[in-house]
Amino acid sequence: MAGMKDYVNSKVSNNREQIEFHVKEILKLIGENVEREGLLETPARVTRMYEEIFAGYDVDPRDVVGVTFDEQHEELVIVKDIVYYSQCEHHMAPFFGKAHIGYIPSGKIAGLSKLARLVEAISRRLQVQERITSQIADILDEVLKPNGVMVVVEGEHLCMCARGVKKPGSKTVTSAVRGDFRTSSALRSEFLSLLKQ
Ligand SMILES: [Zn+2]
């Protein structure tokens with residue numbers, strides 16, 4: 001996804017040596033030989049990966065929602081299939097999927113690419129899917145002050161696939177509604193039927 005590539009987690013950058021050290025310690029503690037060729041660069045690679053996948057900590061998600069003014073449009077706006085990658089805060093294992101956003105503007109609209117950046121800023125952290133979903137809804141509610149917001153997030157969690165219940169391919173779906181979507185089941189249905197198209 002464009003944009004956040006420029007961002008890295010500055011704490012990771014500033015503590016690179018220590019993180020590399022601790023990754024190496026974990027490798028030893030699980031019984032690995034840290035001197036074998038395939039693992040020599042692993043602590044450094046993991047640390048560089050952390051710079052990227054935790055880049056969200058250096059961004060205030062409110063700042064990435066570019067607001068433009070459009071008094072005309074007060075109909076449902078939907079942006080679907082926004083791909084995200086995140087890390088489950090319980091296992092530090094990846095989960096990923098798609099976010100779908102619908103809102104009814106009240107004078108302010110968000111650039112379509114900005115919604116993707118919002119999702120990215122929120123997901124490049126240790127997260128749970130429920131919180132990603134509610135934070136997207138809350139921040140749009142706060143920044144755009146729309147008549148309503150609905151967010152649906154689908155996720156596949158590697159901590160569930162690789163261990164525990166072992167159900168590869170199973171998806172978790174979470175949703176959050178604000179404003180008119182809370183009170184109108186017709187609006188919720190309209191959003192959900194447009195997602196299926
Ligand atoms: Zn987990």
Side-chain angles (χ1 to χ4, degrees), residues 1 3-5 7-16 18-32 34 38-39 41-62 64-65 79-102 115-141 149-178 191-192 195:
M1 210 175 289
M4 296 271 295
K5 279 237 169 66
Y7 293 89
V8 293
N9 181 310
S10 59
K11 282 215 173 69
V12 177
S13 305
N14 294 334
N15 297 306
R16 196 175 281 145
Q18 280 200 67
I19 294 171
E20 288 181 19
F21 171 82
H22 289 290
V23 170
K24 198 170 172 181
E25 290 302 299
I26 289 172
L27 288 171
K28 288 182 198 165
L29 289 168
I30 64 173
E32 264 295 354
V34 292
L39 291 182
E41 291 302 314
T42 298
R45 279 193 294 256
V46 170
T47 305
R48 281 197 299 275
M49 183 179 73
Y50 281 1
E51 283 186 314
E52 277 189 47
I53 66 180
F54 298 132
Y57 290 104
D58 271 29
V59 186
D60 184 337
R62 286 165 198 80
V64 304
V65 187
V79 182
K80 62 181 185 179
D81 298 328
I82 302 170
V83 175
Y84 72 90
Y85 295 92
S86 190
Q87 303 290 314
C88 142
E89 69 184 20
H90 302 128
H91 300 94
M92 292 182 73
F95 68 97
F96 52 88
K98 289 174 178 175
H100 316 288
I101 298 170
L115 292 178
R117 294 196 70 185
L118 170 67
V119 172
E120 200 171 30
I122 290 172
S123 55
R124 292 210 175 189
R125 302 158 187 254
L126 290 178
Q127 274 287 12
V128 294
Q129 189 180 320
E130 292 82 352
R131 194 167 63 230
I132 288 181
T133 313
S134 60
Q135 283 181 341
I136 295 169
D138 285 336
I139 288 169
L140 289 176
D141 200 32
V149 187
M150 182 162 178
V151 179
V152 171
V153 176
E154 303 168 35
E156 211 173 317
H157 295 245
L158 292 193
C159 57
M160 279 169 69
C161 303
R163 49 165 295 287
V165 289
K166 291 201 171 88
K167 284 255 163 41
S170 69
K171 273 186 187 162
T172 306
V173 181
T174 47
S175 69
V177 289
R178 304 288 182 266
F191 176 70
L192 293 172
L195 288 191

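As the structure is a prediction and not an experimental result, all values here were calculated from the model. Counting starts at 1 for both ligands and their atoms, in listed order.
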Peer 1: Mind checking whether the Zn ion (ligand 1) has an N, O or S of Cys159 under 2.8 Å?
Peer 2: yes
Peer 1: Apply salt bridge (charged side-chain N to carboxylate O under 4.0 Å, His left out) to residues Lys28 and Glu25 and explain how you reach the verdict.
Peer 2: CA-CA 5 Å; Lys28 288 182 198 165; Glu25 290 302 299; 3.1 Å; yes
Peer 1: Could you walk me through whether Arg125 and Glu89 pass salt bridge (charged side-chain N to carboxylate O under 4.0 Å, His left out), step by step?
Peer 2: CA-CA 8 Å; Arg125 302 158 187 254; Glu89 69 184 20; over 6 Å; no
Peer 1: Is the distance between the Zn ion (ligand 1) and the nearest N/O/S atom of His157 smaller than 2.8 Å?
Peer 2: no
Peer 1: Would you find a donor on one side and an acceptor on the other, under 3.5 Å apart, between the side chain of Arg124 and the backbone of Glu52?
Peer 2: yes
Peer 1: Between CZ of Arg48 and CD of Glu20, what distance do you get to the nearest 0.5 Å?
Peer 2: 8.0 Å
Peer 1: Restricting to N, O or S atoms, which atom of His91 is closest to the Zn ion (ligand 1)?
Peer 2: ND1
